[in-house]
**Q** 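Quick one: the structure is below, questions incoming.
No experiment lies behind these values; they were computed from the predicted model shown. Lettering of chains follows the sequences in order, A, B, ..., and the numbering in each one begins at 1. Just the heavy atoms: all of them, side chains too, but no hydrogens, waters or symmetry mates, feed the values below.
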Amino acid sequence: MTSPEDICNEIKRRFTPSKAYRAQRWIAQHAVIEDMYEPVRIVAGLDVAYRRSEEGSIGYGVVAALSYPSMKLVDCEVFINKVCVPYIPGLLAFREMAVLAPALTRLSSRIKPDLLVVDGHGIAHPRRAGIATHVGVVFDIPSIGVAKKRLYGREVTYPDGTYLVDENGNKIAAIITRSGKSKIYVSPGHRLSVKTSSALIRSMLRRGRLPEPTRVADRISKEIRTSLTPRSLPLHRRCGDSSFYSRFS
DNA sequence: GCGACAG
DNA sequence: ATCTTGTCGC
């Protein structure tokens with residue numbers, strides 16, 4: 001009898017940073033950092049909220065599909081499960097993919113996103129394999145990472161703006177600052193350039209500090225967390241009905 | 001050894 | 001990221 005507890009312990013036993021680094025090198029090798037994407041009609045925002053419980057952390061992975069460029073919520077999927085992998089800087093993807101991948105897979109059976117906007121970095125990462133790159137390559141969907149804090153790279157200002165640059169002087173992220181708001185770091189994940197990633201994210205900025213897909217996914221994940229406490233895990237569900245969607249538009 | 005360190 | 005009361009300011 002393999003209890004959820006046994007499964008989690010087995011995951012912990014198998015997860016080692018050294019193996020994760022190897023996987024990230026593979027991810028980075030398969031990432032395409034040039035513009036190779038179709039016209040964007042549907043953009044998905046990905047985010048994870050957590051909740052403490054007796055047995056550990058519960059992760060609420062949310063994938064919210066928005067129309068582009070109108071930014072209306074059209075579909076949404078949530079996957080809830082116990083999170084067994086710890087947060088280690090540089091290895092965020094291995095913690096969050098466990099709940100994001102099942103949610104994205106199920107949402108994709110209903111609607112195909114043309115672009116993914118992920119909370120965290122893309123290639124602005126020590127091994128060029130941040131969570132946005134990770135998700136983008138695994139699903140082979142164009143992706144962009146939007147982070148609130150720097151992880152890797154030097155901040156340099158050029159005539160056309162401020163960027164994060166790597167040890168070779170290559171731009172790996174655009175830094176966007178808006179009056180009254182703290183800056184955000186925009187880096188390509190997969191099938192996009194720094195330039196285009198920045199332009200796309202700028203076109204999705206509305207009310208808050210973050211682009212709409214990320215902001216909506218964040219709000220939904222936190223609302224689901226307080227309104228839904230499953231008695232058995234894992235659980236995945238479509239987020240809500242038409243009235244639920246209209247509340248986020 | 002020391003500092004840095006997405007969510 | 002989460003936990004968590006009151007408090008400062010528009």
Side-chain angles (χ1 to χ4, degrees), chain A residues 15 17 20-21 23-24 27-28 31 44-64 78-101 103-104 116-138 143-155 163-167 172-176 179-190 194 197-198 201 207-211 213-229:
Chain A
F15 178 77
Y21 290 159
Q24 289 186 324
I27 293 289
L46 285 66
D47 191 30
V48 182
Y50 296 92
R51 175 180 199 171
R52 301 292 288 174
S53 75
E54 300 175 342
E55 322 89 60
S57 287
I58 306 294
Y60 293 70
V62 166
V63 179
V78 57
F79 182 78
I80 308 169
N81 203 176
K82 182 175 176 182
V83 174
C84 307
V85 176
Y87 167 67
I88 299 172
L91 299 181
L92 173 67
F94 296 90
R95 176 173 168 81
E96 306 213 320
M97 276 295 276
V99 286
L100 288 179
L104 178 54
L116 269 28
V117 178
V118 187
D119 62 320
H121 291 98
I123 62 168
H125 177 279
R127 291 166 295 282
R128 296 175 57 95
I131 187 169
T133 301
H134 200 117
V135 182
V137 168
V138 168
S143 64
I144 303 173
V146 178
K148 298 178 287 296
K149 291 188 295 189
R150 185 198 71 90
L151 170 67
Y152 181 77
R154 300 178 293 117
E155 199 167 307
Y163 297 83
L164 285 180
V165 302
D166 64 16
E167 62 285 348
I172 53 178
I175 299 177
I176 298 178
S179 59
K181 300 185 177 67
S182 41
K183 53 192 173 185
I184 59 175
Y185 303 84
V186 178
S187 61
H190 184 48
V194 172
S197 297
S198 178
I201 291 303
R207 320 187 62 212
R209 169 192 186 187
L210 298 170
T214 307
R215 198 176 68 81
V216 169
D218 178 78
R219 284 179 54 196
I220 292 176
S221 68
K222 283 167 179 164
E223 180 166 315
I224 297 290
R225 179 181 61 189
T226 62
S227 67
L228 186 57
T229 307

**Q** Could you state the atom-to-atom distance from CD1 of A/Ile88 to P of C/dA1 in whole Å?
**A** 18 Å
**Q** Tell me the stems DNA chain B sits in, counting at least three consecutive Watson-Crick or G-U wobble pairs, each under 3.5 Å on both distances.
**A** none
**Q** Just how far, in rounded Å, is P of C/dA1 from CG of A/Asp119?
**A** 8 Å
**Q** I'd like to know whether A/Thr133 forms a side chain to side chain donor-acceptor pair (under 3.5 Å) with A/Arg128, so could you lay out the CA-CA distance, the side-chain angles of the two residues, the decisive distance to 0.1 Å, and finally the verdict.
**A** CA-CA 8 Å; A/Thr133 301; A/Arg128 296 175 57 95; over 6 Å; no
**Q** Check the distance between C/dT2's C1' and A/Leu92's CG and give it to me in whole angstrom.
**A** 15 Å
**Q** Report yes if the side chains of A/Lys148 and A/Ser182 come closer than 4.5 Å at any heavy-atom pair, otherwise no.
**A** no
**Q** Taking atom types as modelled, is there a side-chain donor on A/Ser57 or A/Arg51 under 3.5 Å from an acceptor on the other?
**A** no
**Q** Would you grab the first and last nucleotide of DNA chain B (5' to 3') that comes under 4.0 Å of any non-hydrogen atom in chain A?
**A** B/dA4 to B/dG7
**Q** Can you measure from CZ (A/Arg95) to CD1 (A/Ile131) and round to the nearest 0.5 angstrom?
**A** 11.0 Å
**Q** Which heavy atom in A/Leu210 sits nearest to a heavy atom in A/Val146, and how many Å separate them?
**A** CD2-CG1, 4.0 Å
**Q** Are A/Ser221 and A/Val48 side-chain neighbours, meaning at least one heavy-atom pair lies under 4.5 Å?
**A** no
**Q** Reckon A/Ala124 touches a base, only the sugar-phosphate, or nothing at all at heavy-atom distances under 4.0 Å?
**A** nothing
**Q** For A/Arg51, which contact category applies under a 4.0 Å heavy-atom criterion: base, sugar-phosphate, or nothing?
**A** nothing
**Q** Parallel, tilted or perpendicular: which describes the rings of A/Phe94 and A/Phe15, with under 30° parallel and over 60° perpendicular?
**A** tilted
**Q** Look at all strands and tell whether A/Leu46 reaches a base, only sugar-phosphate, or nothing, counting heavy atoms closer than 4.0 Å.
**A** nothing
**Q** Check the distance between C/dT2's C1' and A/Tyr87's OH and give it to me in whole angstrom.
**A** 14 Å
**Q** For A/Glu167 and A/Tyr152, which I'm curious about, is there any donor-acceptor pair between the side chains at under 3.5 Å?
**A** yes
**Q** Using a cut-off of 4.0 Å on non-hydrogen atoms, how would the nucleic acid contact of A/Gly90 be classed: base, sugar-phosphate, or nothing?
**A** base
**Q** At less than 4.0 Å, is any side-chain N or O atom of A/Arg95 found next to OP1 or OP2 of C/dA1? Yes or no.
**A** no
**Q** Got a second to check how far A/Glu96's CD is from A/His134's NE2, nearest 0.5 Å?
**A** 11.5 Å
